[in-house]
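Read the structure below first, then the notes.
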Amino acid sequence: MMNETNENHGSRLTELFQSLPRANAPDDFEQVTQLRVLLDQLPRAQAPESFEDDVLMRLREDESSRRRLRLRRLPRSMRWLAAGVGAAIVGGVAYYLATRTDSRKSSTPAGSTPPPAEITIPLDSGSEERLAPPQTVPTTPQRPPTAVEQQSTPPGKRITPGAPDEND
Amino acid sequence: MGRSTIDEQALVELLLERKEEGFRQLMRYYKDDLVNFAYRIVGSYDDAVDVAQETFIRVYRFIETFQRGARLRTWLFAIARNVALTMLDERRRHRTHPLVETDEEGEEKERDIPDVTYVPDRAVDSTIIAQRIQEALMKLPAVFREAVILRDIEGLTYEEIAEVCAVELGTVKSRINRGRTMLQELLRDLFEELYGKQQ
């Protein structure tokens, strides 16, 4: 029973397969195959022995040139920055000098001579007295100091009233 | 191809870490395929080596853009193809003035001029047959040439070629068929010499 069933199935399957449409080779099948055979037989170009080292060398060169390029680009931005900072410094210094000169000019009118320094004159009274600059036109003529006075009191020497003289 | 398989994922990891060993491994595995592919496209051995070198340099530079899960092999071929086509463009620009023709709709299109001034590289194609085949290949427009080379010489699948050339699968099939037909026509004499007159 089992064998009969199997045989039936087998013959049906064969019929089914035979009824399938046949796929035929295209007209140019042979030519295409010949062409592919020819192409397949072409010698293969091979990379030279130094290929890998050459690539690595080119890569290194490429890397270093890129680094150089980066460095070249960096100073350009840095140059602008430095120029800005420099200009600011120069400007600042110029402004400082200008304002300093102005303040000087405002305290000393143009063309006038600077005021004379304060003069300390030794006095008989023993106390230092700060005098204003001498007036060009004195109201009363002053008596010139005597020779004795000039000898006893050298210029700049302080005289304390009542105190004994060092020379005594 | 009769060579050991490569763990692409592990290799990509090495490349991403910019390990020299990974890079050397990649070159060792693919350099000959790329040189051969480039040679068949540009027709000069020196230029082909240059194309392959440039391809690996670009891989090193742009490995971060490689999508994990993609096929490294197709990515490499895609880069090599671009480099080679750029080289052909430059070569053509230096040799001839671009010819412009007007199509039926009145639009101007640059003509794809086959390289007819090609001189075969005898160092690679030492036999007359090989030289004649390479000469014929160089006469094909670039889109058909690359399709035929990738399929019949490099053995890429249609899907891989579609990926490399960034075109639809149908376009790949039609380009391969047209390329083969054109090549047969160009090699008619050779076929007759080799296989006798055919119907």
Side-chain angles (χ1 to χ4, degrees), chain A residues 13-14 16-83, chain B residues 20 23-28 30-40 44-46 48-50 52-57 59-61 121 123-127 129-134 136-137 148-149 151-155 176-177 179-181 183-185 187-188 190-191 194-195 198-199:
Chain A
L13 198 64
T14 313
L16 205 65
F17 280 148
Q18 280 172 351
S19 70
L20 278 175
R22 289 192 68 79
N24 294 319
D27 291 342
D28 62 348
F29 181 82
E30 285 174 44
Q31 288 106 310
V32 172
T33 309
Q34 286 166 352
L35 176 73
R36 293 186 67 179
V37 168
L38 274 180
L39 290 173
D40 192 51
Q41 284 175 348
L42 276 175
R44 287 190 72 83
Q46 291 193 327
E49 278 187 21
S50 61
F51 185 88
E52 292 167 38
D53 293 328
D54 290 345
V55 172
L56 289 172
M57 201 175 72
R58 274 180 69 175
L59 260 179
R60 278 177 204 127
E61 279 171 13
D62 190 52
E63 280 290 302
S64 61
S65 65
R66 284 171 130 206
R67 214 171 298 144
R68 246 179 281 140
L69 193 73
R70 244 178 278 145
L71 280 172
R72 221 178 292 152
R73 272 185 195 159
L74 186 69
R76 190 183 287 176
S77 58
M78 291 294 282
R79 234 179 287 152
W80 281 109
L81 189 70
Chain B
E20 190 179 309
F23 204 60
R24 277 191 184 274
Q25 214 176 307
L26 180 82
M27 286 194 280
R28 237 172 279 144
Y30 288 113
K31 63 181 179 183
D32 288 334
D33 283 354
L34 291 184
V35 168
N36 190 57
F37 167 64
Y39 171 71
R40 295 296 166 200
S44 147
Y45 180 72
D46 291 338
V49 172
D50 202 42
Q53 286 183 350
E54 183 60 32
T55 302
F56 285 113
I57 288 169
V59 166
Y60 184 83
R61 240 187 253 164
D121 194 322
V124 181
D125 291 323
S126 53
T127 65
I129 293 174
Q131 285 168 24
R132 285 171 72 176
I133 295 170
Q134 182 61 31
L137 274 173
V148 171
I149 292 169
R151 178 72 198 118
D152 294 336
I153 298 178
E154 295 309 322
I176 290 172
N177 285 336
R180 281 174 180 164
T181 309
L183 208 50
Q184 282 170 40
E185 200 58 44
L187 293 170
R188 185 188 290 269
L190 180 68
F191 277 119
L194 291 173
Y195 306 110
Q198 294 178 335
Q199 291 300 314

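Lettering follows sequence order; numbering is per chain, from 1.
- Under a 3.5 Å cut-off, the side chain of B:Y39 and the backbone N or O of A:R44 do not form any donor-acceptor pair.
- Proximity to chain A (any heavy atom under 4.5 Å) is shown, for B:A48, by neither the backbone nor the side chain.
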Exercise for review: Please step through side-chain contact (heavy atoms from CB on, under 4.5 Å) for the pair B:I129 and A:Q41, ending with a clear verdict.
Suggested key: CA-CA 10 Å; B:I129 293 174; A:Q41 284 175 348; over 6 Å; no
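- The structure places CG of A:L39 at 10.0 Å from CD of B:Q134, a figure rounded to the nearest 0.5 Å.
- Using a cutoff of 4.0 Å between basic side-chain nitrogens and carboxylate oxygens, B:R28 and A:E49 are not scored as salt-bridged.
- The choice from A:D40, A:D27, A:L56 that makes the most heavy-atom pairs within less than 4.5 Å of chain B is A:L56.
- Proximity of A:L42 to B:R40: side-chain heavy atoms (C-beta onward) are separated by under 4.5 Å at one or more points.
- Expressed to the nearest 0.5 Å, how far CZ of B:R24 lies from CG of A:D53 amounts to 5.0 Å.
- Using a 4.5 Å heavy-atom threshold, the side chains of B:Q53 and A:D54 count as touching.
- Ranked by non-hydrogen atom pairs under 4.5 Å with chain B, the options A:P48, A:A45, A:P43 are led by A:A45.
- By number of non-hydrogen pairs under 4.5 angstrom with chain A, the leading residue of B:I149, B:L187, B:V124, B:D152 is B:D152.
- Counting only heavy atoms from C-beta outward, the side chains of B:E54 and A:R58 approach each other to under 4.5 Å.
- Across every non-hydrogen atom of A:L38 and B:F191, the tightest pair is CD1-CE2, 3.9 Å.
- The parts of B:D50 that come within reach of chain A are both its backbone and its side chain, each placing non-hydrogen atoms under 4.5 angstrom from that chain.
- Only the side chain of B:F23 has a heavy atom closer than 4.5 Å to any heavy atom of chain A.
- Contact annotation for B:L34: neither backbone nor side-chain heavy atoms come within less than 4.5 Å of a heavy atom of chain A.
- Contact annotation: the side chain of A:V32 never approaches that of B:T181 to less than 4.5 Å [non-hydrogen atoms, C-beta and beyond].
- B:Y60 and A:L59 make their closest contact through CD2-CD2, 3.3 Å (heavy atoms, listed as atom of the first residue, atom of the second, distance).
- B:I57 contributes atom CD1, which lies 9.0 Å from atom CD of A:E61 (distance to the nearest 0.5 angstrom).
- From B:Y195, atom OH reaches atom CD of A:Q31 across 11.0 Å, with rounding to the nearest 0.5 Å.
- A salt bridge is absent between A:D28 and B:R180: the closest approach of a Lys/Arg side-chain nitrogen to an acidic carboxylate oxygen does not fall below 4.0 angstrom.
- Taking 4.5 Å as the limit, every side-chain heavy atom of B:V35 sits out of range of all side-chain heavy atoms of A:Q46.
- Note that CZ of B:R151 and CZ of A:R36 are 5.0 Å apart. Values are rounded to the nearest 0.5 Å.
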